[in-house]
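In what follows, chains carry the letters A, B, and so on, assigned in the order in which the sequence lines appear, proteins first and then strands, with residues in each chain numbered from 1. All values below come from the heavy atoms of this structure, side chains included, with hydrogens, waters and symmetry mates left out.
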Protein chains: 2
Amino acid sequence: MSIAAVERDCGVPKDTLRVWERRYGFPNPLRDRHDERLYPADQVATLRLLRRLVDAGHRPGKVVGRSDEDLSVLLRQVGVPAPQVVGSEAKQVLKILGAYDAAGLREVLNALLMRAGLGGFVAEIGPGLAEAVGAAWSRGKLEIHQEHLFTEQFTTVLRSAINAAQGAGLPRRRPRVLFSTFPQEPHSLGLLMAQAMFTLEGCLGISLGVQTPIPEIAAAARAHEADILALSFSSMIPAPQAVAGLTELRGLIPDTVEIWAGGACPGLRPKPGVSVLRALSAIGPAVTAWRAREDKGSTPE
Amino acid sequence: MSIAAVERDCGVPKDTLRVWERRYGFPNPLRDRHDERLYPADQVATLRLLRRLVDAGHRPGKVVGRSDEDLSVLLRQVGVPAPQVVGSEAKQVLKILGAYDAAGLREVLNALLMRAGLGGFVAEIGPGLAEAVGAAWSRGKLEIHQEHLFTEQFTTVLRSAINAAQGAGLPRRRPRVLFSTFPQEPHSLGLLMAQAMFTLEGCLGISLGVQTPIPEIAAAARAHEADILALSFSSMIPAPQAVAGLTELRGLIPDTVEIWAGGACPGLRPKPGVSVLRALSAIGPAVTAWRAREDKGSTPE
DNA sequence: TCCGCGAATTTGTCCTGGACAAATATGCCG
DNA sequence: CGGCATATTTGTCCAGGACAAATTCGCGGA
C-alpha cells in the first residue's frame, strides 16, 4: 500500500507519516525497487488505531511505536466514557452486518425507525449505531465494505423517512436552513440526521450535499436567503481545520445568518456567530428559540 | 492563502503546486516571513480555471502561465462539443437552477419522472440533464453550489423512485447485482441510475455506495455471492486508472462473477470478463441475456 | 494545596531540489 | 492511414532541515 493510499485510508497526511517514521521508528514500511514506501496491511491497521487514539487526545510520542495490545487497551479506556451506549440495537446491527445480510439490515433499520419515530430514531438510536459501526471498523471487526453497506442502507432508510415527513401535511416555514459539510468532510450521515430533525420542526431545508467549498457555501447562503447554515463535522476532520473554516465562513456572510455546527468532532467550540449543537436532540429547542427571537425582533421583511 | 488552503480549494496537490511554480513560473506566490507561500486571491482563481482545463484534457505545459483571457477562451471551446444535446427539459432545469429555486427543481424532476416513468426517465432524460448541468458548470454558467443542489435533488428524486419500485409487487430474483465505484470516483448519479434500471428488471441489488477500495469490492462480491458487479465511471476518472482497476478487480474474483462497466468515461473498453454498457438502456436487454445464459447453463444451485 | 504564567518540549506542516515512472505525444515504417 | 517504438511531459515521491503552534512542565505566589 503506497503512502498516498495510507493517507486516504487512515487520514494521516504523508508528511506526518514520514516524520513519525523518522522520529519514532514506526510505521516501518518496506521499500519497492524505487525506494518508495510500501505499507503492509498490519501496519495500516495499527495506524488506524493510532489515528483514533490521537484524535481522542493521546500524544503521538506516547503511543506511536507501542504494541497493538497496548493500543487496544488504551482504546478500550477511551471507549469507556460511552460503552454503555452500545445497546442491544447496535449489537443486532453488527451481527447482521457480520452475516452480510443487506435486506435484513434494511428491515431492522426500518423497524427501529418505526418503533421510535423519526425524531426518536435520529436523536437516540442513529448516532449510537453509527458510532458502534465506526468503532467496530477501526478495531478491525468489520471490513470496509461492510461499513459502506451500513452507510448505504442507513442513508436509504433516512432519506425515505425525510421524504415522507416533508410530504406530510405540516406547512413549511422559516427558518430556512442550508445544509452542507466542508470540503474535507465526506460523511453524509450526520448531515442527513440533522436534516431529519429540522424537517420535523417544519423548517424549510435545502441541502447542498457534502463537501462544498467554503466560498460556495457562502454564495449559496446569499442566493437562497438562508437564515441558518447547518454544518456537520465528523471526527474524521481535524479540529483546527474545522475551526479555521468556520472563521472563514463567518467572515463571508452577513451577521443575520446564523451558523450552527454539530457532530462528533472533538475540538468544536462555540464562537461569536457560531453555535455548537452537541446533540441532535438540541435542534428542536434551538429552532423554537430562533423563532421566538425572530418574532420578538424587528419587522419581518 | 496558504498552500494547504489552495490544495483544498482548487484540488491541486501541494507537490503539484510547487512543481508548477518551479517549471512554469506560475503560480508565483508571495512569501511570509518564514518563507511560506502565500497565494493571492487572483492566482487562486486562475488556478481554478487551470484545474478545469487540465481535467478537460489540456496539458499543463501548454496552459499554465497563459493569461486569464486565453484560458477563458479555451474553457469556452471545451464546452462547445456538446451544446446541441441540450433539450427543452435541460433548458428548463438550467433556468430553475439559475433562479436558485430548490423546491421548483424537485417538482420539475418529479414531474419528468412521472411523465416518462422511471425507466424512460433514467434512459432518456436523466443522463442528458446531468450532462447539461456539468457542461454549464464547466463553462462557468453555473456555480459549484448550484451543481451540488442539482445533484442533491436528483438523488432525492431517484432514490425515492427506486425505493418505490423495490417495494412494488415484483418478486426479486437473480442476478444478484453489487453496485459501487472505484476510489477515485465520487460521483453517485450514474450508479443510482444504473441501480434504477436493474431494479426495474427485478434484480436483487445491493449498493456499497461510491469509492470502495478495489480489494473490498472483491471481498464484498464473495460475501454477497454476487452474480454481477456493476461499476460506474464518470469522465472525471482518468481512463488508464479505470482500466488498471478493472484488470485488478478481474483478477480478484472468480470467473463466474461478471463485471459490467458503464458511464461517460471515454477510454472504457470491453475486455475478457468485462462488459461495457454504453447506455443505460442497454441494461434491460443485457439482464435478459444473462438470465437466458443462466437457464441454459448448468444446474442452478 | 491550588492556580496562573513563562520556559521547555512535542508535533505538524512547510521548505528545497532531485529523481523517476506512468501517461502522453511524436516520429517512423509498413 | 494505422500501429508501434521512442521522446517528452507530468505527477508523485524522497531526504532531511526548519520553525510555529500546541501542549506540558516547573516554579513562585496566593
Side-chain angles (χ1 to χ4, degrees), chain A residues 1-8 10-39 47 50-51 53-65 184 237-244 247 266-267 269, chain B residues 1-8 10-39 47 50-51 53-66 183-184 236-245 247-248 265-267 269:
Chain A
M1 212 168 180
S2 76
I3 193 170
V6 174
E7 167 169 2
R8 275 198 305 275
C10 306
V12 181
K14 297 195 245 283
D15 275 324
T16 304
L17 285 169
R18 286 194 273 256
V19 92
W20 279 6
E21 182 180 341
R22 201 194 311 166
R23 287 183 184 148
Y24 316 120
F26 183 91
N28 187 11
L30 309 172
R31 298 300 179 119
D32 67 7
R33 88 201 111 97
H34 179 45
D35 237 30
E36 300 193 344
R37 293 171 173 80
L38 281 182
Y39 294 83
L47 281 169
L50 286 171
R51 174 87 202 305
L53 285 173
V54 170
D55 280 349
H58 282 85
R59 308 223 54 184
K62 307 285 177 188
V63 291
V64 176
Q184 310 84 4
I237 191 171
Q241 277 190 30
V243 172
T247 307
R269 257 180 282 266
Chain B
M1 213 167 177
S2 77
I3 193 170
V6 175
E7 166 169 3
R8 278 201 304 275
C10 306
V12 182
K14 297 194 246 284
D15 275 326
T16 304
L17 286 169
R18 286 194 274 255
V19 91
W20 280 6
E21 182 180 341
R22 201 194 311 169
R23 286 182 185 148
Y24 316 119
F26 183 92
N28 187 12
L30 310 171
R31 297 299 179 117
D32 67 6
R33 87 201 113 97
H34 179 44
D35 239 29
E36 300 192 345
R37 293 170 173 80
L38 281 182
Y39 294 83
L47 281 169
L50 286 171
R51 171 91 197 312
L53 284 173
V54 169
D55 279 350
H58 282 85
R59 309 225 52 186
K62 307 285 179 189
V63 291
V64 175
R66 292 172 67 170
Q184 308 86 359
M236 291 269 96
I237 191 172
Q241 277 190 31
V243 173
T247 308
E248 182 188 346
C265 184
R269 256 181 281 265

task = Specify the separation, in whole Å, of atom CG of B/Asp32 and atom C1' of D/dA21.
result = 14 Å
task = Taking side-chain contact (heavy atoms from CB on, under 4.5 Å) as the test, write out the residues that go with A/Arg22, two or more places apart.
result = A/Val19
query = Of all residues at least two apart in sequence or in a different chain, which pass the side-chain contact (heavy atoms from CB on, under 4.5 Å) check with B/Phe26?
reply = B/Gln43, B/Thr46, B/Leu47, B/Leu50, B/Val64
query = Given C/dA21, C/dT11, D/dT9, which nucleotide is nearest the side-chain atoms of A/Arg33?
reply = C/dA21
query = With sequence neighbours left out, what residues match B/Arg18 under salt bridge (charged side-chain N to carboxylate O under 4.0 Å, His left out)?
reply = B/Asp15
key: Residues in side-chain contact (heavy atoms from CB on, under 4.5 Å) contact with A/Glu36, at least two apart in sequence or another chain   = A/Asp32, A/His34
request  = Would you mind reading off the distance between B/Leu47 atom CG and D/dG11 atom P, rounded to a whole angstrom?
outcome  = 12 Å
ask   = Taking atom C1' of C/dT13 as reference, at what distance in whole Å does atom CD of B/Glu7 sit?
value = 12 Å
request  = Return the set of residues passing salt bridge (charged side-chain N to carboxylate O under 4.0 Å, His left out) with B/Arg51 (not counting sequence neighbours), or none when no residue passes.
outcome  = B/Asp55
ask   = 5'-most contact on DNA chain C: A/Arg59 or B/Gly57, nearest heavy atom basis?
value = A/Arg59
ask   = Is B/Tyr24 near enough to D/dT9 that one of its side-chain N or O atoms lies under 4.0 angstrom from OP1 or OP2?
value = no
query = How large an angle, rounded to 10°, do the end axes of the helix from C/dT1-D/dA30 to C/dG30-D/dC1 enclose when each is built from five base pairs?
reply = 30°
request  = Can you measure from NE2 (B/His58) to CZ (B/Arg66) and round to the nearest 0.5 angstrom?
outcome  = 7.5 Å
ask   = In the 5'-to-3' direction, what one-character label does each nucleotide of nucleotides 12-19 of chain D receive under the scheme B = base within less than 4.0 Å of a protein heavy atom, S = sugar-phosphate only, - = no such atom?
value = BBSSBBBS
remark   = When rounded to whole Å, the NZ to C1' distance for the pair B/Lys62 and C/dT26 reads 11 Å
ask   = Listed by chain and number, what are the side-chain contact (heavy atoms from CB on, under 4.5 Å) partners of B/Arg31, not counting sequence neighbours?
value = B/Glu21, B/Asp35, B/Arg37
remark   = With sequence neighbours left out, the residues meeting side chain to side chain donor-acceptor pair (under 3.5 Å) with A/Ser2 are none
